[in-house]
Amino acid sequence: QQPVQSPQAVILREGEDAVINCSSSKALYSVHWYRQKHGEAPVFLMILLKGGEQKGHDKISASFNEKKQQSSLYLTASQLSYSGTYFCGTVMGGATNKLIFGTGTLLAVQP
Amino acid sequence: EAQVTQNPRYLITVTGKKLTVTCSQNMNHEYMSWYRQDPGLGLRQIYYSMNVEVTDKGDVPEGYKVSRKEKRNFPLILESPSPNQTSLYFCASSPWGRYPNEQFFGPGTRLTVL
């Protein structure tokens, strides 16, 4: 049930773009994205809901393909502050009380 | 300040010695949840609660208990801790709608069971 994230890790230079993917084998109701910096708690980035509604961050965008049960997080013009581990969390149709997280994608932005 | 607090932040204990990790939120959130984080496994949900006296199992509930007697508090109880429960634990709260909303995480509790 745990969503699969790819890539597992990515290294960027400042200003480069990155895409992080999240896919599920089950029909999804919504997808959450969080970022966790080393030694800190995860912090909310955005929610994407079935039907297209999106709530969240103004500098990071994401897409949600309900038919493919996939979401992608787009980080453009990366900044050093984007470094951290990114987690997607999925809420499945029929089990909408549970938020199940993927194993994370480590993003390192270098000067 | 709106926040989720956890205590203790660090705990080293021995196998079999009962312990409680407290979690409290001041945002009047209905939904509260406990996660454990282990390298390579991401965040795994232990238990969650949709409101006072309403709790349910997450994906890894074995060896844990919870209670929700007040809206603001959601303690995690390990009746007989074992070394495989050594982990980083996060409590989170969320306003409840028709689905899990933005989760606000506490600072984490690093537990070591010897």
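Below, chain A is the first sequence line, B the second, and so on; all start at residue 1. When reading the values below, keep in mind they use all heavy atoms of this one structure, side chains included, and skip hydrogens, waters and symmetry mates.
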Let me know if L41(B) has heavy atoms under 4.5 Å from chain A in its side chain, its backbone, both or neither. backbone
Pairwise side-chain contact, Q37(B) with F101(A), heavy-atom cut-off 4.5 Å (strictly under): no
With hydrophobic residues grouped by side-chain heavy-atom distances under 4.5 Å, do L78(B) and Y48(B) end up in a single group? no
Joint hydrophobic cluster, V113(B) plus L11(B), side-chain heavy atoms closer than 4.5 Å: yes
Contact leader toward chain A among A92(B), P107(B), S33(B), G42(B), where contacts are heavy-atom pairs under 4.5 Å: G42(B)
Calculate, to the nearest 0.5 Å, the distance between atoms OG1 and CG belonging to T85(A) and L43(B) respectively. 10.0 Å
Less than 4.5 Å to any heavy atom of chain A: does that hold for the side chain of Q103(B), its backbone, both, or neither? both
Y35(B) versus chain A, the contacting section by heavy-atom distance below 4.5 Å: side chain
Please report, to 0.1 Å, the donor-acceptor pairs under 3.5 Å made by any side chain of residues 39-48 of chain A, with sequence neighbours excluded.
none

Max heavy-atom pair count under 4.5 Å with chain A, selected residue of D38(B), D56(B), L88(B), D59(B): D59(B)
I'd like to know if M50(B) and W34(B) are part of one continuous hydrophobic network [Ile/Leu/Val/Met/Phe/Trp/Tyr, side-chain heavy atoms within less than 4.5 Å]. no
Would you kindly confirm whether Y86(A) and V10(A) end up in one hydrophobic cluster when ILVMFWY residues are joined by side chain heavy atoms under 4.5 Å apart? yes
Rounding to 0.5 Å, atoms CG (N101(B)) and NE2 (H32(A)) come to a distance of 7.0 Å
Let's test your reading of the structure: which of Q36(A), Q8(A), Q5(A) forms the most heavy-atom pairs below 4.5 Å with chain B? Q36(A)
At their closest point, which heavy atom of K98(A) faces which heavy atom of K57(B), and how far apart are they? CE-O, 3.4 Å
K37(A), NZ atom: more than 12 neighbouring heavy atoms under 6.0 Å: yes
Kindly work out whether a path of hydrophobic side-chain contacts (I/L/V/M/F/W/Y, heavy atoms less than 4.5 Å apart) joins Y47(B) to I100(A). no
